[in-house]
Amino acid sequence: MKGSIEYVPTMPQNPLLVTEVLYPMLARLLLIPTSELAKATRPDFLVNAQSPVQWSGNDWDRLEANRQDIFDMSAVIEQFDQSSFLSDGYAVLKEIMTSEAIREWTEALKYGQQLNDKLLRLDWTQIDWHTLGRTLPVKSLTEDEINNALGGSQMVPQTDDEAGVKTLRQHSVLAEYFPAGHVPFLMNVLTHPQMLQLQRLCLGCDDIYFDHNQLLTRPAGYAGGAWHSHKIGGGADNRGIANLLEYQAQPNFNLVLCYPQGFEVENDGGLKLIRGSHLFRDPAGCQAASDEEMQQGWLAGRMHPVTNQPLRIEHLSLPPGSVVCCLSHAAHAVAPKALDKETRWCSLYCYKKADDLSGHVQPPHSVPPVWAMKARRGELPVILMELFRPSFDKELTGGRAYDEQVW
Ligand SMILES: O=C(O)CCC(=O)C(=O)O
Ligand SMILES: [Fe+2]
């Protein structure tokens, strides 16, 4: 009908896992060649010829053939202790990146941010919305909203999809979400044997899976991030204190925060954490807007369940080339960034394990549909297909398509 706007429901988080019949415009998307969908996720104006979502078999072979070390594994082994990691919920690994990795990682994060900024500035009517499974948005971001989001992460408003931001996030058109699909070095890291070895050490098992990947860029003037922790789903949240054996058996997530340029302890966008907080499994209660509120609230009188020492806030300061691994439920926050400081660069890679009791793996929070489709169709290297398996294998997820989560 002329003048009417076609109603299209939003794409489910993991469309290959849902059992209900999808609306035709969404169902179409899952049937087209992945090259067509990949092209729609990379509008011409982004001008990114190297984008891994458009790689051929030769490009994947080249990645494998040219891999260099990213970590000094002897430094990792020296600093990492599995039992401390399980009881602290954190492993702080200082200066473990090779000097070449520091250089390339920093460049990659800057480039990813440039792509994100470029998309924010350009004309979204040029985007092939139909192939992305929705109609042309009726609203645009305002000038202020765009300016506020430029140069940083998690700043684009997305409480609804009226301007199309949720769609651009889910499909990783916005490079801050799944930047490994935009920047070759970040894909190298995601699939790198040394990164995967680190995950196996942290999660304490051989079979590991990918969950999500983001840029976490904190520019001068960043206001700081409140205290929070992340849910796991699958019935493992808000269940009260767990002992270490019970904790290890859960379908845990490992958030890996990679800081190629590090940060200082104060007003530099640095990470703050509370060792032992994860064992309380309390993402609903363990929240606070400031350190003071945390100290007077959730933290007051709490003891580490293993060491029996009072829980306390730590403000980290990290040299370049450092990585922080953070187990599910572990409380963390981010310091503000002063106006006269340089941007803090970070990329987050989140991996996870199965529930030891059921064997099930939680559905991923953010594998873009085109990557799930490539994985299911056998278009990716075997390791990537296995890492992405929870995005398409209903048996592995125990029939779950998503879990209610806040990131
Ligand atoms: O920016 C950081 O260092 C951490 C951000 C964070 O905690 C999050 O995105 O959940
Ligand atoms: Fe977080």
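Heavy atoms only: backbone and side chains are in, while hydrogens, waters and symmetry mates are out. Counting starts at 1 for both ligands and their atoms, following the listed order. No experiment lies behind these values; they were computed from the predicted model shown.
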message: Set out, in order, the CA-CA distance, both residues' side-chain angles and the distance that settles salt bridge (charged side-chain N to carboxylate O under 4.0 Å, His left out) for Asp44 and Lys39, then state yes or no.
response: CA-CA 8 Å; Asp44 288 342; Lys39 185 160 170 20; 3.6 Å; yes

- request: Using modelled atom types only, decide if a donor and an acceptor are shared between the side chain of Gln158 and the backbone of Val156 within a distance under 3.5 Å.
  value: yes

- line: ligand 1 atoms nearer than 4.0 angstrom to some heavy atom of Leu271 are 3 (O)

- prompt: Would you call Lys166 and Asp161 a salt bridge, taking side-chain N to carboxylate O under 4.0 Å as the test?
  reply: no

- request: Evaluate the ring planes of Phe253 and His365, with Trp represented by its six-membered ring, and classify them as parallel (under 30°), tilted (30 to 60°) or perpendicular (over 60°).
  value: tilted

field: Expected output: side-chain Asp237 to main-chain Gly233 donor-acceptor under 3.5 Å
entry: yes

- prompt: So, do Trp55 and Leu63 sit near enough that their side-chain heavy atoms are less than 4.5 Å apart?
  reply: yes

field: From the candidates Gln154, His332, Arg344, the one that places a heavy atom nearest atom 7 (O) of ligand 1
entry: His332

message: Nearest 10°: the angle subtended at the Fe ion (ligand 2) by His230 NE2 and His332 NE2?
response: 100°

Close-contact set for ligand 1 against His230 heavy atoms, below 4.0 Å: 10 (O)

task: Examine Arg218 against ligand 1 and note whether any of their N/O atoms are separated by less than 3.5 Å.
output: yes

query: Is ligand 1 under 4.0 Å from a heavy atom in the side chain of Tyr259, in the backbone, in both, or in neither?
result: side chain

- prompt: Is the shortest distance from a heavy atom of Gln214 to ligand 1 less than 4.0 Å?
  reply: no

